[in-house]
Amino acid sequence: MPELPEVEQAARTLGAQISGATFDGTVRVAWSRTIHEVPSDVLGAQLAGLSVQGWQRRAKWIVLPLSNGMTFVAHLRMTGRFAVLPRDNADDAQQRVAFGLTDGREVRFIDQRKFGRIRLLSAPELATLDADHGPEPFDPSLTPATWYTTLQSTSRVIKTVLLDQSRIAGIGNIYADESLHRVSVHPLKPANTLSKKKATELLAAIRAVLRQAIDNGGSTLRDYRDSYGAKGTQQDNFQAYGRTDQPCGRCGTAIEKITVGQRGTHFCPYCQKAPR
DNA sequence: AACGACACCTGGAGGC
DNA sequence: TGCCTCCAGGTGTCGT
């Protein structure tokens with residue numbers, strides 16, 4: 001589900017519900033890999049008495065700073081979502097972990113495919129997580145010049161580079177396709193063959209696509225919900241992703257689907273000319 | 001070092 | 001209806 005806009009929305013709606021709340025140390029685990037097999041009593045002991053200081057997002061990670069300097073981080077992967085509910089509410093069949101709060105509620109992590117992960121990080125571990133990722137798309141330090149340099153540094157195809165979290169953080173399969181369609185760049189074009197002008201346009205397109213998606217609460221294809229359970233609406237604005245055989249909004253040519261780096265990839269064969 | 005292939009999981013959709 | 005195959009917002013790991 002979740003790319004930058006969805007994670008941003010999930011983090012915001014989780015933070016809105018539990019900023020200031022305190023973990024009571026209760027941790028109920030239905031799928032231990034979600035918490036990296038850390039024993040529930042160990043994790044509970046670490047969390048007990050800590051309060052949530054706010055919320056952030058780094059790449060596709062939800063980041064909740066805690067009152068002792070540690071950080072609660074979660075990655076939703078494909079199907080993860082949070083819910084904050086009274087303790088006596090029935091468990092969801094796909095619920096993997098629940099963290100008790102001192103106010104009688106629970107922070108629940110629901111995740112059909114079980115790929116999502118939650119951890120408690122020390123400051124150095126958080127620094128490592130940060131260092132493992134490239135710049136945030138909206139970071140002012142990511143300039144047309146630095147972006148062009150990044151693209152020049154590899155001959156991998158552009159779609160794959162957009163998905164490489166160490167080059168730029170937060171873009172996933174949907175918004176990669178949408179960004180490339182927006183600037184009429186073929187997904188198989190080698191990154192180092194984009195002109196400086198095209199690279200600049202692509203950066204602007206990435207920002208525009210992500211901004212619109214954030215403003216629309218992200219995209220819900222099937223599973224994604226924010227931390228209140230609400231769906232996003234950005235899927236109604238897709239120009240390429242999931243529109244196989246439907247007309248391109250610019251030229252009317254049928255959108256094609258190919259596989260790039262094992263990911264379904266949608267593009268307009270007329271607007272986005274194949275590289276030679 | 002960098003890159004591609006595969007693993008990790010469940011369940012919905014579509015073909016027969 | 002039932003079975004089977006394919007596919008999905010992601011990324012960690014392993015082999016080349």
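Within every chain, numbering begins at 1; the chains are lettered A, B, ... in the order of the sequence lines, protein sequences first and strands thereafter.
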Item to complete: Measure from the side-chain N and O atoms of A:Glu106 to the backbone N and O of A:Pro86, and report whether any donor-acceptor pair falls under 3.5 Å.
Response: no
Worksheet entry | First encountered from the 5' end of DNA chain B, between A:Arg222 and A:Arg156 | A:Arg156
Item to complete: Say whether, by atom type as modelled, one donor and one acceptor occur between the side chain of A:Gln165 and the main chain of A:Leu163 under 3.5 angstrom.
Response: yes
Response to the item:
In numerical order, the residues of residues 234-246 of chain A whose heavy atoms come under 4.0 Å of DNA chain B are none
Item to complete: Could you pull out the closest heavy-atom pair between A:Tyr241 and A:Ile174, with the gap in Å?
Response: CD1-CA, 3.7 Å
Practice prompt. Please report, rounded to the nearest Å, how far the P atom of C:dA8 is from the CG atom of A:Asp223.
Written response: 14 Å
Worksheet item: Any donor and acceptor pair, going by atom type alone, linking the side chain of A:Glu178 with main-chain N or O of A:Phe238 inside 3.5 Å?
Response: no
Worksheet item: In B/S/- notation, 5' to 3', how is nucleotides 11-16 of chain C contacted by protein heavy atoms closer than 4.0 Å?
Response: BS----
Discussion item. Under a 3.5 Å distance rule, please check whether A:Arg167 uses its side chain to pair with a backbone N or O of A:Trp147 as donor and acceptor.
Written reply: no
Practice prompt. Find the distance A:Asn192:CG to B:dC3:P and express it as a whole number of Å.
Written response: 11 Å
Worksheet item: Can you tell me how far P of B:dA1 sits from CG of A:Asp164, to the nearest Å?
Response: 16 Å
Worksheet item: Would a hydrophobic clustering, with Ile, Leu, Val, Met, Phe, Trp and Tyr connected at side-chain separations under 4.5 Å, put A:Val29 with A:Val42?
Response: yes
Discussion item. I'd like the P distance from C:dT13 over to B:dC9, given in whole Å.
Written reply: 13 Å
Worksheet item: With respect to the phosphate group of B:dC3, does any side-chain polar atom (N or O) of A:Thr154 fall under 4.0 Å of OP1 or OP2?
Response: yes
Discussion item. In this structure, how many angstroms lie between the P atom of B:dC8 and the CD atom of A:Gln262, rounded?
Written reply: 15 Å
Worksheet entry | Neighbours of DNA chain B within residues 112-121 of chain A, by heavy-atom distance under 4.0 Å | A:Gln112, A:Arg113, A:Lys114, A:Phe115
Discussion item. Rounded to whole Å, how long is the line connecting atom CZ of A:Phe109 with atom P of B:dT10?
Written reply: 14 Å
Discussion item. Within the 3.5 Å criterion, strictly below it, is a donor on A:Gln234 or A:Asn237 matched to an acceptor on the partner's side chain?
Written reply: yes
Worksheet, complete the sentence: Stem ranges of DNA chain B by first residue number, counting only runs of at least 3 Watson-Crick or G-U pairs under 3.5 Å, come to B:2-8 with C:10-16, B:10-16 with C:2-8
Worksheet item: Do any N or O atoms from the side chain of A:Ser67 and from the backbone of A:Ser51 form a donor-acceptor pair under 3.5 angstrom?
Response: yes
Fill in: Side-chain (A:Arg81) to main-chain (A:Arg108) donor-acceptor, under 3.5 angstrom
no
Worksheet item: Is a side-chain donor-acceptor pair under 3.5 Å present for A:Tyr224 with A:Glu3?
Response: no
Worksheet item: Are the side chain of A:Thr220 and the backbone N or O of A:Gly232 linked by a donor-acceptor pair below 3.5 Å?
Response: yes
Worksheet item: Taking atom P of C:dG10 as reference, at what distance in whole Å does atom OH of A:Tyr224 sit?
Response: 13 Å
Response to the item:
Taken to the nearest whole Å, CG/A:Leu76 to C1'/C:dG10 is 10 Å
Practice prompt. Taking side-chain contact (heavy atoms from CB on, under 4.5 Å) as the test, write out the residues that go with A:Gln246, two or more places apart.
Written response: A:Arg243
Worksheet item: Does A:Asp111 have any side-chain contact (heavy atoms from CB on, under 4.5 Å) partners at least two apart in sequence or in another chain, and if so, which?
Response: A:Thr79, A:Arg96, A:Phe109
Item to complete: Consider only side-chain N and O atoms of A:Arg87 and A:Thr26, and report whether a donor and an acceptor are under 3.5 Å apart.
Response: no
Worksheet item: Atom CD1 of A:Ile110 to atom P of B:dG11: distance rounded to whole Å?
Response: 14 Å
